[in-house]
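A short write-up of the structure that comes next.
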Amino acid sequence: MKENSYDNNMSELDEEKVNYQELLFRYIIHWPWFVVSVLACLIGAWVYLHFQTPVYQVSASIMIKDDKKGGGGGSTSDLENLGIGGMITSTQSIDNEIEVLRSKTILKEVVNNLELYITYYDEDEFPKKELYKTSPVIVNLTTQEADKLPGIALIDMKLAPEGGLDVNLKVGLSEYAKHFDRLPAVLPTDAGTFGFTLKDSLSNGKIEGQDVVRNISAVVSQPFVVAKGYQWSLNIEPTSKTTSVAVISLMNTNMQRGQDFINKLIEMYNRNTNNDKNEVAEKTREFINERIKIIDEELGSTEDKLEVFKRNAGLTDISSDAQLAVSGNAEYERKRVENGTQINLVRDLAKYINNPSNEYEVLPSNIGLTDNGLATQLERYNELVIERKRLLRTSTESNPMIVNLDMSIRAMKANVQAAINGTLQGLLIVKADLDREASRFSRRISDAPGQERQYVSIARQQEIKAGLYLMLLQKREENAITLAATANNAKIIDEPAAEGGPVSPKPKTIYMIALVVGLG
């Protein structure tokens, strides 16, 4: 019985082996169909890749200054020795700076600067090929007019070798057709004024390198819509939590355009950040220039009075007695000059901060105040105002952070105003003391001729104005050094580049799928 069972199993295995061979032979005999199917799928994959626009990933590495992670570059000790280091402050972090880099505001600035809201295509190619910086015809439309477009503007152009251009423009529900014998030319429409210029100049009556009619199309979109598209394809991530290095990646169908976009993005970011840093210095410069203009006029008027007085009185020099009296009074006169200078500065600052047009604006600092406590409060107030402006780039005034910051700014402004009033009252008290002490010396020259007393009075006014004028000139130079010492906030470590081939579509993957489908 066991032998019969073993024989039966062996016969079933032989039969199964024969069936597998028969099944394999049944498919192999139709090998031409396999070849045709695989070839058809591979050809289909090639056609798909030919018509599909490749997408590249352009990446760059930058280092952003971050106080918390040591990304700041350079010391400001040299500037602090000049008394202006306190004006350079930084309250940023890499997370905030990444949000600023990705904001629609700065992306729109990049789109406007590179005119990326206008895209060109070569209609003579099949499929049509995008022309980035290679279109022979340049379409011009201001960013303000592009923002107001009712929709996408489609422009079909036929460029003749002699420089003539046929334009067919569709924008919204309106269509415009125009022929230009030569360029540059303009086409006024209800949506805006479109300009057309040649990229290459005419030589011997013909466009260089063109012998046939070129068919070119252009698509004009709203810059804000284009900026939103770039925001979707832009990715910015820090390399780690312990560094201030970030990688900027952009998915784009044109490698050169992606590199230009990232370079311009970093340039615009540095420019805007430097403008924020320099805002205090700019306000200080405006304040100092305005005061110099006023003091210059007052100083000239005082000098004219002194010249007229000496001419009418016939004076060439003060008598020896008057010289002795004035030299005894010199110390208190010097203190009165310094006190008068400080009073003028504090009053001008009070007038500036109480001006309603300067609400939420930085206050001039480093203008020569001797009260360190008031100078420190001015710097703290300016830091809060700069932080508020930075947060408003990525949020609205209803944001709880902005609301809390507004309350802090108002409270800080009240403290600054109180400090100014207190400083002014203290200076007025000192002035009264100095005047009282100076009157003691004035009695020593009470017997001097009235002409000499008038001369001393006018000369004192001239000295006050001249001292204030020279001090303001010095502060203007220090402020100019502050503006020149501002460094970029982002430094490029790796230049924008697209490593390898396109990320989409991937030819190897497409051909492998086609092979599997063909065999299937």
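Since this is a predicted model, take the numbers as computed values, not measurements. Reckoned from all heavy atoms, side chains included, excluding hydrogens, waters and symmetry mates. Count residues from 1 along the sequence.
Looking at every heavy atom in both residues, L169 comes nearest to T189 through CD2-CG2, 3.7 Å. Across all non-hydrogen atoms, the minimal contact from V171 to A191 is CG2-CB, 3.9 Å. In terms of heavy atoms, D147 sits closest to P223 at OD1-CD, 3.3 Å.
Ring geometry, F261 versus Y230: the interplanar angle falls under 30°, so the pair is classed parallel (tilted spans 30 to 60°).
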Would N415 and Y381 count as a side chain to side chain contact (heavy atoms under 4.5 Å, CB included) here? Give the steps.
CA-CA 9 Å; N415 293 337; Y381 178 85; over 6 Å; no
Between I138 and I118, does the side chain to side chain contact (heavy atoms under 4.5 Å, CB included) criterion hold? Intermediate values first, please.
CA-CA 9 Å; I138 305 300; I118 304 178; over 6 Å; no
Working for side chain to side chain contact (heavy atoms under 4.5 Å, CB included), residues E361 and K389
CA-CA 9 Å; E361 293 291 338; K389 291 187 176 183; 3.2 Å; yes
Stepwise salt bridge (Lys or Arg N to Asp or Glu O under 4.0 Å) test for E99 and R390:
CA-CA 11 Å; E99 290 301 321; R390 175 173 292 276; over 6 Å; no
Can E267 and K264 be said to form a salt bridge (Lys or Arg N to Asp or Glu O under 4.0 Å), step by step?
CA-CA 5 Å; E267 177 186 341; K264 184 60 66 173; 3.2 Å; yes
Determine, step by step, whether D156 and K170 satisfy the salt bridge (Lys or Arg N to Asp or Glu O under 4.0 Å) criterion, reporting the C-alpha distance in whole Å, the side-chain angles of both residues, the deciding distance to 0.1 Å, and the verdict.
CA-CA 9 Å; D156 294 325; K170 297 180 181 179; 5.7 Å; no
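Proximity of N252 to Y56: side-chain heavy atoms (C-beta onward) are nowhere separated by under 4.5 Å. With contacts defined as side-chain heavy-atom distances shorter than 4.5 Å, the pair I216/P136 qualifies. Residues L384 and R380 form no side-chain contact, since every pair of their non-hydrogen atoms from C-beta on lies 4.5 Å or further apart.
Within 6.0 Å of NZ on K413 lie more than 12 heavy atoms contributed by other residues, nucleotides or ligands. Within a 6.0 Å radius of CG in L154, more than 12 heavy atoms belonging to other residues, nucleotides or ligands are found. For NZ of K129, the number of neighbouring non-hydrogen atoms (other residues, nucleotides, ligands) closer than 6.0 Å is 12 at most.
For the atom pair Q222 CD and K228 NZ, the distance stands at 10.0 Å (nearest 0.5 Å). To the nearest 0.5 Å, atoms CG (N399) and CG (L405) are separated by 10.0 Å. The CG atom of L265 lies 7.5 Å from the CD1 atom of I62; values are rounded to the nearest 0.5 Å. One distance of note links CZ of F180 with CG of L187; it measures 5.0 Å at 0.5 Å rounding. Here the CE atom belonging to M471 is positioned 7.0 Å from the CD atom belonging to Q342, to the nearest 0.5 angstrom. The CG atom of L116 sits 7.0 Å away from atom CZ of R257, with the distance rounded to the nearest 0.5 Å.
Without hydrogens or angle criteria, T239 side chain to V245 main chain gives a donor-acceptor distance under 3.5 Å. Side chain of Y269 to backbone of I106: no donor-acceptor contact under 3.5 angstrom is found.
Side-chain contact annotation: N113 with E109, donor-acceptor N/O pair under 3.5 Å absent.
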